[in-house]
Asker: 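I'd like to ask you about the structure that follows.
Computed over heavy atoms, backbone and side chain alike; hydrogens, waters and symmetry mates excluded. Residue numbering restarts at 1 for every chain, and letters A, B, ... go by the order of the sequence lines.
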2 protein chains.
Amino acid sequence: MPMPVTELLPIRDVTACCAPLTREAISVEDADAVARSLKALADPARLRIVSIVAAHDDQEACVCDLQEPLGLSQPTVSHHLKVLVESGFLTRSKRGTWAYYRLVPGSLDAVASLLTTV
Amino acid sequence: MPMPVTELLPIRDVTACCAPLTREAISVEDADAVARSLKALADPARLRIVSIVAAHDDQEACVCDLQEPLGLSQPTVSHHLKVLVESGFLTRSKRGTWAYYRLVPGSLDAVASLLTTV
DNA sequence: TGTCGATATTGACGGCGATCGATGTTTGGG
DNA sequence: CCCAAACATCGATCGCCGTCAATATCGACA
């Protein structure tokens, strides 16, 4: 039985999750939470979105900034952005007609620290 | 079009991949390579396998050590192990009838360093 | 050599998800 | 007040993948 990327209610914050993978055997619940965060990142389009947003001026970008470099349709870009927001990697702030997305500080580092062995 | 976890020939080593995500906009090819590595980890069973192997005595475990704690069938465990070997996170060494799996040193840290922002 | 145990491979099934076109929603401007 | 622009949501399609039962392979041992 596959695991959906967006579990509805118990979206656990991976920032306060568990010890690094290699320290001790991870629990079933923690493995589910970490896997969900990794699934959110494990897509070429979403990796590029995170990268483009982080490297953009003022560290934020709107949908219109992403659609052309990604080469994807506008609904698809919005879908990926929703996944990244719900998984805690991006924030969304609407100003006028535009929606600006910004990287959540420390969110990537939280995942990285789970994988670090040293 | 979804991306398969196991691309046949060009399995790129994420250890020598690219700059961290947030330094500059990642290229399409690098995003594909990183996504493939993340996909290999983005599964609860595979995360638990990595964790159990790393926390095990002598840092290695055979299929029989994993089957019972994972609660999965033997073919499924072998399938996950194959994914982790082909993606460069585990090595396989067969001794007698048993197959022992071991964590590749630095493989997890390589992925972690791609996500680290500081 | 024949059997047994450990593991790998195959085939099949079911669900998740990446994608797009079409449509809905909201905001700003005339 | 209506239109246009930006974005979100919906519905549908289709390939990938996690899973298991069945089967194959491989090594040890009598």
Asker: What pairs meet the salt bridge (Lys or Arg N to Asp or Glu O under 4.0 Å) rule with one or both residues in residues 103-112 of chain B, with sequence neighbours excluded?
Answerer: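 Salt bridge (Lys or Arg N to Asp or Glu O under 4.0 Å) check on residues 103-112 of chain B returns no pairs.
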
Asker: What is the distance, rounded to the nearest whole Å, between atom CH2 of A/Trp98 and atom P of D/dA4?
Answerer: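 These atoms are roughly 16 Å apart.
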
Asker: Only pairs at least two apart or in different chains count here, so list each disulfide bond (SG atoms under 2.5 Å apart) that has a residue in residues 26-59 of chain B.
Answerer: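 Output for this query is empty, none listed.
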
Asker: Can you sort out which residues in residues 72-82 of chain A have a heavy atom within less than 4.0 Å of DNA chain D? Ascending by number, please.
Answerer: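 Here the set is A/Gln74, A/Pro75, A/Ser78, A/Lys82.
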
Asker: Report the residues that fulfil side-chain contact (heavy atoms from CB on, under 4.5 Å) with A/Thr91, sequence neighbours left out, ordered by chain and then residue number.
Answerer: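 Scan of A/Thr91 (side-chain contact (heavy atoms from CB on, under 4.5 Å), adjacent residues dropped) gives A/Arg102, A/Val104.
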
Asker: I need the NZ-P distance between B/Lys39 and D/dC16, as an integer number of Å.
Answerer: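 After rounding, the gap between these two atoms is 11 Å.
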
Asker: Verify, without hydrogens or angle tests, whether B/Lys94 (side chain) and B/Ala99 (backbone) share a donor-acceptor contact under 3.5 angstrom.
Answerer: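 No: the side chain of B/Lys94 does not pair with the backbone of B/Ala99.
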
Asker: Less than 4.0 angstrom between a side-chain N/O of A/Tyr101 and OP1 or OP2 of D/dA8, yes or no?
Answerer: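 Looking at the OP1 and OP2 atoms of D/dA8, one of them is under 4.0 Å from a side-chain N or O of A/Tyr101.
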
Asker: Give every residue pair that meets the salt bridge (Lys or Arg N to Asp or Glu O under 4.0 Å) criterion with at least one member in residues 61-83 of chain B, sequence neighbours excluded.
Answerer: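 Non-adjacent pairs meeting salt bridge (Lys or Arg N to Asp or Glu O under 4.0 Å): zero.
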
Asker: Thinking salt bridges, do B/Glu60 and B/Arg95 make one under a 4.0 Å N-O criterion?
Answerer: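 Yes, B/Glu60 and B/Arg95 are salt-bridged.
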
Asker: Closest-nucleotide mapping onto DNA chain C: is A/Asp43 or A/Arg95 further toward the 5' terminus? I mean the 5' end.
Answerer: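 Nearest-nucleotide comparison on DNA chain C picks A/Asp43.
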
Asker: Specify the separation, in whole Å, of atom CG of A/Asp32 and atom P of C/dC16.
Answerer: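 That distance rounds to 14 Å.
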
Asker: Figure out the CZ/C1' separation between B/Arg36 and D/dC17, and round it to whole Å.
Answerer: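 It is 15 Å, rounded to the nearest whole Å.
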
Asker: Is B/Arg92 close enough to C/dT7 that one of its side-chain N or O atoms is under 4.0 Å from OP1 or OP2 there?
Answerer: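 No, no such contact exists.
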
Asker: D/dC26 P sits how many Å from B/Tyr100 OH, rounded?
Answerer: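 Atom-to-atom, B/Tyr100 to D/dC26, this comes out as 19 Å.
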
Asker: May I have all residue pairs that pass disulfide bond (SG atoms under 2.5 Å apart) and include part of residues 77-118 of chain B, sequence neighbours excluded?
Answerer: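 For residues 77-118 of chain B, and leaving out neighbouring residues, there are no disulfide bond (SG atoms under 2.5 Å apart) pairs at all.
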
Asker: If you look only at pairs with a residue in residues 19-98 of chain B, which of them pass as a disulfide bond (SG atoms under 2.5 Å apart), with sequence neighbours excluded?
Answerer: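 Passing the test, one end in residues 19-98 of chain B: B/Cys62-B/Cys64.
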
Asker: How close or far is atom P of D/dG18 from atom CG of B/Leu47, stated in whole angstroms?
Answerer: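 Rounded to the whole Å, the gap is 11 Å.
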
Asker: Of all of residues 57-68 of chain B, which get a heavy atom below 4.0 angstrom from DNA chain C, listed by number?
Answerer: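 Within this stretch, B/Cys62, B/Val63, B/Cys64 sit under 4.0 Å of the strand.
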
Asker: Please list all pairs meeting side chain to side chain donor-acceptor pair (under 3.5 Å) that have one or both residues in residues 44-54 of chain B, counting only residues at least two apart or in different chains.
Answerer: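 Every side chain to side chain donor-acceptor pair (under 3.5 Å) pair that includes a residue of residues 44-54 of chain B, provided the two are not neighbours, is B/Arg46-B/His80.
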
Asker: Between P on C/dT7 and CD1 on B/Ile49, what's the gap in Å once rounded to a whole number?
Answerer: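 It is 13 Å, rounded to the nearest whole Å.
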
